[in-house]
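Atoms within a ligand are numbered from 1 in the order they appear, just like the ligands themselves.
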Amino acid sequence: MWTWKRWLKRSSVTAEQVKSNGSIPSHIAIIMDGNGRWAKRRGLPRSAGHRSGMKNVKHIAQAANKIGVDVLTLYTFSTENWKRPQDEVDYLMKLPEQFFEIEIKELEENNVQVQMIGDMEGLPDHTLKPIQQSIERTKNNTGMILNFAVNYGSRTEMVAAIKQLAKKVKEEEMELEQINEEYVSLHLQTKDLPDPDLLIRTSGEQRISNFLLWQLAYTEFSFSPLYWPDYKEQHLYEAIEQFQTRGRRYGGL
Ligand code: V0D
């Protein structure tokens, strides 16, 4: 019988092992959940959990880059997160700034390229500016793409794509019959990226929560009971090792 307890006690997996085991997922997406609960368990304010979560972003990005992942997409802020208490939202909106000041240098040196998906217009200037600076400063890097989903919601993204397509048909730029899956994909914000091969969600929740709904059609899911600040390099390698043992058939046999 498979249990979390046994899963957590499994022997360790190294970067070298996962690299020699088989194919490394080209695109990994992560829902970094449990930062608030991590803090609460330690008697700290939620903000301390978010800060700790931010530091972990760099660790996991370095680990993914080291083993040859092409794209790492991280869900940092959903369109639903605006409903949180104002002071928490204010704190979260300061994290890109901090990331830019403290963490970006090392990633830059490791040839990582920063990109972003989500609604930029809804972000305050002090949040958007460091994101744009990170993108600008790393645009010529050729290593892993570190793609931040900020103020992102998948349904909003799909509605925008549908509107673009409808407009093109209406203005006779294209025929209705031309609309197909590839066309839809090309009107999403992820148009330049492959679909994720592996989705990781931490903290025991097992939902997609409006993240990349279209793009996750054939993605393998890996759920961890660990809170995001406790999710380390080792756990990423274990998730990849399990991914490597699964046969992906895309609906075929
Ligand atoms: C809080 C755990 C990095 C999840 C990670 C805007 C929730 C830490 C960024 C970041 C957040 C975003 C864009 C960028 C550079 C860094 C970030 C937010 C929250 C909310 F270009 N971590 N992080 N942004 N958390």
Side-chain angles (χ1 to χ4, degrees), residues 28-42 44-65 71-108 110 112-139 141 144-153 189 193 199-205 207 209-212 224 226-233 235-236:
I28 300 178
I30 309 184
I31 304 176
M32 307 178 288
D33 215 350
N35 303 287
R37 274 167 283 171
W38 179 90
K40 196 177 171 200
R41 204 181 53 190
R42 286 171 165 69
L44 298 168
R46 288 177 64 81
S47 57
H50 294 315
R51 194 185 159 80
S52 177
M54 181 192 76
K55 296 204 169 285
N56 201 36
V57 163
K58 190 183 70 187
H59 292 301
I60 295 297
Q62 302 279 35
N65 189 32
V71 187
L72 180 67
T73 297
L74 301 177
Y75 207 1
T76 67
F77 194 88
S78 81
T79 47
E80 285 77 32
N81 287 155
W82 294 109
K83 293 181 210 144
R84 294 195 179 174
Q86 188 62 46
D87 59 335
E88 185 173 343
V89 170
D90 289 346
Y91 187 84
L92 287 166
M93 287 301 140
K94 287 181 193 146
L95 288 178
E97 230 166 313
Q98 292 189 16
F99 191 88
F100 183 71
E101 283 167 16
I102 309 163
E103 320 284 354
I104 192 79
K105 201 168 181 292
E106 211 174 312
L107 293 170
E108 221 180 332
N110 285 311
V112 167
Q113 185 187 120
V114 174
Q115 292 187 14
M116 168 190 166
I117 55 170
D119 180 11
M120 287 195 175
E121 257 133 66
L123 293 172
D125 276 351
H126 72 275
T127 308
L128 190 55
K129 245 179 132 180
I131 296 174
Q132 283 173 329
Q133 276 175 310
S134 306
I135 294 170
E136 179 61 28
R137 258 174 62 174
T138 61
K139 69 170 188 235
N141 284 357
M144 185 181 78
I145 293 171
L146 178 57
N147 182 34
F148 288 106
V150 190
N151 196 21
Y152 174 85
Q189 290 191 302
L193 305 173
L199 172 79
I200 295 168
R201 182 165 189 161
T202 58
S203 189
E205 309 298 339
R207 296 184 295 277
S209 300
N210 204 15
F211 189 44
L212 303 171
S224 169
L226 295 170
Y227 297 143
W228 171 248
D230 292 329
Y231 194 89
K232 300 300 172 197
E233 186 172 354
H235 307 111
L236 176 72

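Around the NZ atom of Lys129, the shell of radius 6.0 Å holds no more than 12 heavy atoms that belong to other residues, nucleotides or ligands.
Residue contacts with ligand 1 for Leu95 involve side-chain atoms from C-beta outward but no N, CA, C or O (heavy atoms, distance under 4.0 Å). Under 4.0 angstrom from ligand 1, the non-hydrogen atoms of Val150 all belong to its side chain.
Protein heavy atom at the shortest distance from atom 21 (F) of ligand 1 is Ile131 CG1, 3.3 Å. Ranking protein heavy atoms by distance to atom 14 (C) of ligand 1, first place goes to Phe148 CD1, 3.4 Å. Residue, atom and distance of the protein heavy atom nearest to atom 18 (C) of ligand 1 are Thr76 CB, 3.6 Å. Here the heavy atom of the protein found nearest to atom 2 (C) of ligand 1 is Asn35 ND2, 3.5 Å. Nearest to atom 22 (N) of ligand 1 among the protein's heavy atoms is Met54 CG, 3.9 Å. For atom 20 (C) of ligand 1, the closest non-hydrogen atom of the protein is Leu92 O, 3.5 Å.
Between Arg84 and Glu88 there is a salt bridge, since at least one side-chain N of the basic residue sits less than 4.0 Å from a carboxylate O of the acidic one. Using a 4.0 Å cut-off between a side-chain N of Lys or Arg and a carboxylate O of Asp or Glu, Glu136 and Lys139 qualify as a salt bridge.
Near Gly53, with a cut-off below 4.0 Å to any heavy atom, the atoms of ligand 1 are 5 (C), 8 (C).
Using bins of under 30°, 30° to 60° and over 60° for the plane-to-plane angle, the ring pair His235/Tyr231 lands in the tilted bin. Aromatic ring pairs are classed by plane angle as parallel below 30°, tilted from 30° to 60° and perpendicular above 60°; the pair Phe77 and Trp82 is perpendicular.
You'll find the side chain of Tyr227 stays beyond 4.5 Å of the side chain of Asn35, heavy atoms only. Residues Arg37 and Arg41 have side chains not in contact (no heavy-atom distance under 4.5 Å, counting atoms from C-beta outward).
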